[in-house]
Amino acid sequence: MAEQEHPSQNPTNHITEEYRILHKVAQILQTQGELEPMLREAMRAITGFHELKVENKAGIFLANEKKKVLQLFTTVGDFSEEFLEKEKNVPFGDCLCGRVAVSGKLLMSESCYSDSRHERTFSDMTAHGHYIVPLKNSEQLIGVMFLYTNTNPVWYKHSQEVLLSIGGLIADAIQKKQVESELEEYRHRLEGLVDTRTGELRQLSHQIQKIREEEKSRISREVHDELGQSLTALKMALFQLEKKFPKENPDLKESAQSMLDLIDTTIKSVQRIAMELRPPILDVFGLCDAIAWQAGEYEKRFGIKFNLNCLQDQMDLDNDLKTTFFRVFQESVTNVVRHAEASQVDVSMSLQKDQLVLTIKDDGKGIHKDQIEGSNSLGLIGIRERVRYWNGEVLFSGAPGKGTSVEIRIPVSKK
Ligand SMILES: Nc1ncnc2c1ncn2[C@@H]1O[C@H](COP(=O)(O)OP(=O)(O)OP(=O)(O)O)[C@@H](O)[C@H]1O
Ligand SMILES: [Mg+2]
């Protein structure tokens, strides 16, 4: 079909309208939001293109390169059920749209009845013409847009350029949305993966802690019982022996006495080591007793005063959970000793609703926000991880010169 030049009587109006449409479509395609309503709005703008006599009917196919088929994505205007059903999939090369999918070129059809390429027909079909616009950018053909027109639509060169430009814009907009939704999907998948892995690692870390605690407990018992008993037996034997030493040989007696003293010191060391590994008090008595004992030890060793307000020993806590509270307490006080320059530590434990809350507060120099958030050291991370395993919460807070507080809350069910 012959290309028409501009009608010379009215070129300016025509070009103005083309640019107005182009501008409007570009604006619509830049808006945020869902792809489908955006494309429908763009098509409505295009169907208002008077010079082309575009009817108020149009639609967009997306190209499925793998299956070599166009898939109907959305339409504007009145289309019959039959049409929508039949046009769901149009193979590449089929009818007008399929041909454009193959050629990538703009196509104009004067009438569905006289154009032999218009292979598909519908029972309610009335005479119409078409512009079929490839939706293609520099990279690929994304889809095809079909516009219904009166029969024998105009075929101005300018209008064709505008339609091709619009096709390019729509292709870019579709591709952008597709990339965005792919990215979103990857992000989702990645987040899911990270969540799963984190959960697994947390479980593993808990398992390792548990094994370590069991090991410590076993070593503590063996050191205490076996070594302790042997040393006591040795002490008794030496004591008996010493009695038999002749009085006229005071050197021997003296040596025996210093050996007895050494055995006593060793027994104390063994007891201390066993206690430090895992205080049996934690397993035998309650958490508060264990904390009180540990606080007493710290007072003796570091000269820090403890103010204990521990009310929860009536509770029968899970052994692992008890260990978590106790280790958090130890880690927090170790930090006080190492970093805080504090003289007093207030410890409180209470049941608030269904949460067991432990607070350790010192009167030292105060932890800084950066140290809380940016800590690469294992102390605070360890506390967080131990508590998260129980779905609990941790709050570190501090102010310069006003001390540091560590608060952990863990949901507990009363047994
Ligand atoms: N009670 C506190 N008072 C003041 N600063 C603190 C206190 N507790 C922690 N900090 C600061 O927070 C930082 C991080 O603590 P964290 O326990 O994670 O590491 P660390 O004690 O330095 O090393 P480690 O891994 O051996 O525990 C410390 O280096 C310290 O600067
Ligand atoms: Mg630490």
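One-based numbering, in listed order, for ligands and for the atoms of each. Computed over heavy atoms, backbone and side chain alike; hydrogens, waters and symmetry mates excluded.
Relative to atom 1 (N) of ligand 1, the option among Asp362, Val333, Ile383, Asp370 with the closest non-hydrogen atom is Asp362. Taking each of Thr404, Val345, Val406 in turn, the one with a heavy atom nearest to atom 2 (C) of ligand 1 proves to be Thr404. For the residues Asn335, Val336, Thr334, the heavy atom positioned nearest atom 8 (N) of ligand 1 is part of Asn335. Compare Glu341, His339, Gln371, Lys361 by their heavy atoms: the one nearest to atom 22 (O) of ligand 1 is in His339.
Inter-residue side-chain proximity for Asp115 and Leu96 is flagged as met; some heavy-atom pair is nearer than 4.5 Å. You'll find the side chain of Gln30 stays beyond 4.5 Å of the side chain of Ile28, heavy atoms only.
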Test log, rule salt bridge (charged side-chain N to carboxylate O under 4.0 Å, His left out), inputs Glu82 and Lys88: CA-CA 10 Å; Glu82 182 197 352; Lys88 255 188 189 157; over 6 Å; no
Check against side chain to side chain donor-acceptor pair (under 3.5 Å), Glu213 and Thr323: CA-CA 8 Å; Glu213 290 294 340; Thr323 307; 5.0 Å; no
Trace of the side chain to side chain donor-acceptor pair (under 3.5 Å) decision for Ser343 with Asp363: CA-CA 7 Å; Ser343 54; Asp363 64 350; 3.0 Å; yes
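Atom numbering of ligand 1 starts at 1 in the shown order; those under 4.0 Å from a heavy atom of Glu331 are 17 (O), 27 (O). Shown in contact with Ala340 at under 4.0 Å from a heavy atom are these atoms of ligand 1, numbered in order with element: 1 (N), 3 (N).
Judged purely by distance below 3.5 Å, without hydrogens or angles, the side chains of Asn137 and Gln175 pair a donor atom with an acceptor atom.
Inclusion of Gly379 in the set of residues having an N or O under 3.5 Å from an N or O of ligand 1 is warranted. Checking only distances, Leu380 does come within under 3.5 Å of ligand 1, N or O to N or O. In terms of polar-atom proximity, defined here as any N/O pair under 3.5 Å, Leu378 does make such a contact with ligand 1.
Of the angles at the Mg ion (ligand 2), the one spanning OD1 of Asn335 and OE2 of Glu331 is 100° when given to 10°.
Proximity of a side-chain donor or acceptor of Lys68 to a complementary backbone N or O of Phe92 within less than 3.5 Å is not detected.
Proximity of His368 to ligand 1, defined as any heavy-atom pair under 4.0 Å, is not found for any part of the residue.
Using the six-membered ring where Trp is involved, Phe79 and Phe83 have ring planes that are parallel, under 30° apart on the 30 and 60° scheme.
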